[in-house]
Amino acid sequence: MSTRADLRQHGGQISPLVAQSVAKANALAQENGLEHVESLLKEEAPHLLEGRQKQERREGLPELKDTEGKDIVLRFAPNPNGPLSFGHARGVVINGTYAHEHKGTLILRFDDTDTTVKPPMLDAYDIIPKEVEWLLGRPADRIVIASDRIPLYYEHAERMLSEGFGYICQCPAEDFRTFRETKQDCPCRDKSVDLNVEGWNMMLDGTYNPGDAVVRVKTDMELKNPALRDWPALRIQDTEKNPHPRPGIGSKYRVWPLLDFQSAVEDQLQGVTHIVRGKDLMDSTRKQTLLYQHFGWNYPETIYWGRVKVHEWGGFSTSKMRASIENGEYTGWDDPRLPTLQGLKLRGIQPEALRNFWIELGVTQKDISVPLATLFSHNTKGIDDDAPRLSFVRSPVTVSIHGDIPDDIKIPVHPNHDAMGKRIISMRNNQIMIEQEDANNPTYRLKEFADIDEGGQLGSISRSDKRSIIHWVSAESSTEAILTLPLQENIEHIKGRVEHHNYPIGTIVQLERIGYAIIRKDDFLLMHE
RNA sequence: GCUCGUGUGGUGUAGCCAGGUCCAUCAUAGUGGGUUUUCAUCCCGCCGACCCGGGUUCGAAUCCCGGCACGAGCACCA
């Protein structure tokens, strides 16, 4: 109908006819199979078989626009004021995946241009590249550190002043706020190039103190969006009082670029072709586009994602976490309760699960709230086949069993994979331990062993009825152990007994009827069910 | 307040740009069943959605207008 304008006015009559034919065709497919219908079509109307994938589900990430004939370059640009968190993983995964899919370049860029409000953390410069590599399974192609490139930003600032699209503004911040709101030109706006250059030198040489002057990009005070009106590009920081933590940088510079300027210039210098960022930076794109126009550059293709909240975690910021760790609320950046990559890694979350998780969420601009269960589900798929089964009995109750009990019992390590071998359980002292809750039943079946009747009497070896199957340990073949549950607020430790095993620290096991856990030095850390 | 953006089942997501088998995809959660000597894994079934109101059109999840809701920006933070 879309191609036959002449028939459209008769749509009311045609629709039922089409519906009838469709019903017929469907019936035919039902009886003789879809192939039959396809072969009929091939003979009668082959053109109908073409170009009908419009409604098929798109797999993976949306296509990047404007990629033809280009070397694709993307970047992930965190502030190195702490290790990476769950939210950062989105930036790493999405940018990294796009770069990978296009055989392009992923730049890891440290936007470390603030020494006062969000001071960088020296360790982060080493930690973050490793975290990126862990998450992606390969390192970033290039690392750029903004604080190494201040002279380049200065050059561009100077060009901005000399070409007249930037100026030194000496208005107090509040005054400028008023100008911005009322669309008035700031008195500094019309200064001559010479005066601006002079002001610039006074910023650099220490004549001006922080707050005395900034460099602004001349846009237009009449712009509809107030955020874009003559925005600030560089300012002075007191780096004597708040030195940059990197050796060699320290108090070397007083004038520092703001994000919008630094990021814009750096993207151009690095040949970034596509930017994927949070939609909170939409106005940043617009500000930067105005700057690009001044410089005569083309702004990269940009796409945005919305905010993500995890129901179980709520809002965590790097600076908040840093404070909580420093005052002892958490044991460190790798505290399993924290939504850091280190915490997740410690909890046994696989990088592949994180990748699949973020790719599945995609890059929509909606603000979303996701349950951790989705991430866990991805993780389970990755670990179940390799996770040996182990029996862990919480709050154990000892039961003496009697009857014709064998000396040893063999139980598969993994029910789906015989190749993983057997666990051998010694039964020589006739004592088993089961969970308090299971002990309330008069009879039960010990998993992989036998029925137990009242009074601990050994019953049928083969399954004889529908009594519940419980997990258990032999007193002799088990040791005391602790199961640790990382809950939101506190950490709970449960004492119990675990069957003997030789798995090294770090092994992910499945505690039968409990969940997946990772073996640590002194305990089992429960990951998820 | 001004500016920008987003609204598809419980939670996410595909479809929207180029309107028509869309009585709307897939996943996750929930639920029922099967396999299994785990409340695991795997398999099968069910459940459940186009924010509201107008308009354009033979036909609207899709285009237009209005409303409502939510979010973000308006930092000398990133």
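Letters go in sequence order (proteins before strands), and every chain restarts at 1. Keep in mind that what you see is a predicted model, and the values were worked out from it rather than measured.
Computed from coordinates, the Leu526(A) CG to A40(B) P distance equals 14 Å when rounded to whole Å. Between the CD1 atom of Ile359(A) and the C1' atom of G12(B) there is a distance of 15 Å, rounded to whole Å. When the C1' atom of U6(B) is taken as reference, atom CH2 of Trp305(A) falls 17 Å away, rounded to whole Å. The distance from atom CG of Asp367(A) to atom C1' of U11(B) is 15 Å, rounded to the nearest whole Å. Atom-to-atom, NZ of Lys224(A) to P of C74(B) comes out at 19 Å; the value is rounded to the nearest Å. Rounded to whole Å, the distance from CZ on Arg177(A) to P on U3(B) is 19 Å. Atom CD of Gln510(A) and atom C1' of U36(B) are 12 Å apart (whole Å). What separates CG of Leu258(A) from P of C74(B) is a distance of 11 Å, to the nearest Å.
In this structure, Arg246(A) satisfies the cation-pi test against Tyr125(A), with its NZ or CZ atom closer than 6.0 Å to the six-membered ring centre and inside 45 degrees of the ring normal. Geometrically, Arg513(A) does not engage Phe392(A) in a cation-pi contact defined by less than 6.0 Å to the ring centre and at most 45° from the axis.
Each of Pro78(A) and Val370(A) was assigned the nucleotide of RNA chain B with the nearest heavy atom; the assignment lying further toward the 5' end belongs to Val370(A). If Ser369(A) and Arg229(A) are placed on RNA chain B by their nearest nucleotide, the residue sitting closer to the 5' end is Arg229(A).
Contact of the Asp230(A) side chain with the Val217(A) side chain is not registered, since no non-hydrogen atoms from C-beta on lie closer than 4.5 Å.
U6(B) and C16(B) have their P atoms separated by 15 Å, given to the nearest Å. When the C1' atom is used for both C51(B) and A61(B), the distance is 12 Å, rounded to whole Å. Nucleotides U62(B) and C70(B), compared at atom C1', are 22 Å apart to the nearest Å. Taking atom P on both nucleotides, U13(B) is separated from G55(B) by 32 Å, rounded to a whole Å. G19(B) sits 9 Å from U57(B) when the C1' atoms are compared, rounded to a whole Å. With C1' as the reference atom, A29(B) and C76(B) are 47 Å apart, rounded to whole Å. On the C1' atoms, G9(B) is 14 Å away from C46(B), given to the nearest whole Å. Remark: the separation of the C1' atoms in C63(B) and A18(B) is 11 Å, to the nearest Å.
The side chain of Glu360(A) lies closest to A27(B), out of A27(B), G5(B), G73(B). Among the nucleotides U37(B), G5(B), C77(B), the one closest to the side chain of Lys447(A) is U37(B). Candidate nucleotides A78(B), U13(B), G5(B) were compared by shortest atom distance to the side chain of Lys366(A), and U13(B) ranks first. For Ile368(A), whose side chain is taken as the heavy atoms from C-beta onward, the closest listed nucleotide among A29(B), G12(B), C4(B) is G12(B). Which of A29(B), U8(B), G73(B) sits closest to the side chain of Asp283(A) comes down to G73(B). Considering only side-chain atoms of Glu448(A), the nucleotide from U37(B), U41(B), A29(B) that sits closest is U37(B). Comparing A78(B), G7(B), C76(B) by their closest approach to the side chain of Ala173(A) singles out C76(B). Listed candidates were G73(B), U28(B), A78(B). Nearest to the side chain of Leu281(A) is A78(B). Side-chain proximity of Lys279(A) to the nucleotides G71(B), G73(B), A40(B) is greatest for G71(B). The side chain of Ala227(A) lies closest to C74(B), out of U13(B), C74(B), U38(B).
Ring centers of Tyr444(A) and Trp472(A): at least 6.0 Å apart, outside the cut-off.
With Glu266(A) as reference, Arg149(A) is the one residue of Arg149(A), Arg109(A), His156(A) to meet the side-chain hydrogen bond (donor to acceptor under 3.5 Å, both in side chains) rule.
Here Arg445(A) does not reach the OP1 or OP2 of U38(B): none of its side-chain N or O atoms lies under 4.0 Å away. Neither OP1 nor OP2 of A40(B) sits under 4.0 Å from any side-chain N or O of Arg389(A). The shortest distance between the side-chain N/O atoms of Thr364(A) and the OP1/OP2 oxygens of U13(B) is below 4.0 Å. Checking the phosphate oxygens (OP1, OP2) of A40(B), no side-chain nitrogen or oxygen of Thr380(A) falls inside 4.0 Å.
A 6.0 Å sphere centred on NE2 of His417(A) holds more than 12 heavy atoms belonging to other residues, nucleotides or ligands. Counting heavy-atom neighbours within 6.0 Å of Gln184(A) CD, excluding the residue itself, gives a total above 12.
The two residues Ala213(A) and Gln170(A) have their closest heavy-atom pair at CB-CG, 4.1 Å.
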Kindly indicate, with the supporting measurements, whether the criterion side-chain contact (heavy atoms from CB on, under 4.5 Å) is fulfilled by Leu390(A) and Glu499(A). CA-CA 7 Å; Leu390(A) 228 42; Glu499(A) 64 177 280; 3.8 Å; yes
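Between Phe86(A) and Trp358(A), the ring planes are tilted. Angles from 30° to 60° get that label.
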Taking only Watson-Crick and G-U wobble pairs with both distances under 3.5 Å, what dot-bracket line describes RNA chain B, where [ ] shows pairs that cross earlier ones and | shows pairs with another strand? (((((((..(((.......[.....))).(((((.......)))))....(((((..]....))))))))))))....
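Here Ile461(A) lies in heavy-atom contact (under 4.0 Å) with a base.
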